[in-house]
Amino acid sequence: MKYLVRDKLFSIGDDYWIEDERGQHAFLVDGKALRLRDTLELKDPAGRVLITLRKKLFSLRDAMTIERDGETLATIRKKRLSLLRNHYRVTLVEGTELDVSGRILDREFTVEYDGELLAHISRQWFRVRETYAVNVVREDADAALLIAIAVCVIRMAEKEREGTVEGDGD
């Protein structure tokens, strides 16, 4: 199942519908304004909060948490950097690790578990510049979680790009 996501959802305070491949409202992204830390909520069409995304305030390395029902479900951290590909590690609360790799800022990356593809994020399916798809490959996968992971890693990569480059000699 493919879900259509527009990049404007990253504006805190904005609400935005994510649609499924049939054009139906699947998830509402609620950007919480006036919060001390970066917070987004992913809701079902009835308005029930499915996932809360938060930037960790006091972390040695940049990290975001994904919460469900007030409990931490996963933590996302940058894994390593190579010249062309970004890598992030998603550690689920029970210890399972997912690997996110690809060209995050180009919206061309994958989410995998132990080498198995769970989701492919890509702009190639759309002509609209500010749009990308989260293609959830496995039918039994948690679509809300995979969309939340995509949102988090894109947000983290963009924040890093906006920041200063470490080790630049200054």
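Treat the numbers as computed from the prediction; the structure is a model and nothing was measured. Numbers here simply count residues along the sequence, with the first being 1.
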Let's go through I121 and N135 carefully: what are the C-alpha distance in whole Å and the side-chain angles of both, what is the deciding distance for side chain to side chain contact (heavy atoms under 4.5 Å, CB included) to 0.1 Å, and is it a yes or a no?
CA-CA 6 Å; I121 291 76; N135 184 18; over 6 Å; no
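- The shortest heavy-atom contact between K43 and L50 is C-CD1, 4.0 Å.
- Between D106 atom CG and S122 atom OG the span is 10.0 Å, to the nearest 0.5 Å.
- With a 4.5 Å cut-off on side-chain heavy atoms, R68 and D142 count as touching.
- Considering all non-hydrogen atoms of both residues, Y132 and V151 come closest at OH-CG2, 4.5 Å.
- Considering all non-hydrogen atoms of both residues, F109 and G102 come closest at CB-CA, 3.7 Å.
- Of the listed residues (I104, L40, L53), just one forms a side-chain contact (heavy atoms from CB on, under 4.5 Å) with R155, and that residue is L40.
- Within 6.0 Å of the CD atom in E139, the count of heavy atoms belonging to other residues, nucleotides or ligands does not exceed 12.
- The shortest distance between side-chain heavy atoms of L105 and E158 falls below 4.5 Å.
- In plain terms, the two heavy atoms of V137 and H120 that are nearest each other are CG2-N, 4.5 Å.
- With contacts defined as side-chain heavy-atom distances shorter than 4.5 Å, the pair V49/L42 does not qualify.
- Residue P45 comes nearest to A26 through the heavy atom pair CD-O, 3.3 Å, listed as atom of the first residue, atom of the second, then distance.
- Interatomic distance, Y113 OH to D99 CG, rounded to the nearest 0.5 Å: 12.5 Å.
- Contact of the I154 side chain with the R107 side chain is registered, since non-hydrogen atoms from C-beta on lie closer than 4.5 Å.
- Note that OH of Y88 and SG of C152 are 10.5 Å apart. Values are rounded to the nearest 0.5 Å.
- Between E112 and R89, no side-chain nitrogen of the basic residue sits less than 4.0 Å from a carboxylate oxygen of the acidic one, so the salt-bridge criterion is not met.
- Between the D69 side chain and the E71 main chain, no donor and acceptor come within less than 3.5 Å of each other.
- Using a 4.5 Å heavy-atom threshold, the side chains of L145 and L92 count as touching.
- Of the inter-residue distances, the one linking E97 atom CD with D114 atom CG reads 10.5 Å to the nearest 0.5 angstrom.
- The two residues I76 and M156 have their closest heavy-atom pair at O-CE, 3.6 Å.
- Side chain of E21 to main chain of M1: no donor-acceptor pair is present (N/O by atom type, distance under 3.5 Å, no hydrogens or angles).
- Contact check for I147 versus I18: side-chain heavy atoms found under the 4.5 Å cut-off.
- Note on I51 and L28: separate hydrophobic clusters, where clusters join Ile, Leu, Val, Met, Phe, Trp and Tyr whose side-chain heavy atoms are under 4.5 Å apart, directly or indirectly.
- Ring-plane geometry between W17 and H25 is classed as parallel, the angle between the planes falling under 30 degrees on a 0 to 90 degree scale with a further cut at 60.
- Using modelled atom types and a 3.5 Å distance limit, the side chains of E67 and T72 yield no donor-acceptor pair.
- Atom CZ of R123 sits about 11.0 Å away from atom CZ of R103, to the nearest 0.5 Å.
- In this structure, the side chains of T110 and V100 stay at 4.5 Å or more apart for every pair of heavy atoms.
- Here the side chains of L98 and L118 are in contact, with some heavy-atom distance below 4.5 Å.
- Of the inter-residue distances, the one linking R54 atom CZ with T39 atom OG1 reads 5.0 Å to the nearest 0.5 angstrom.
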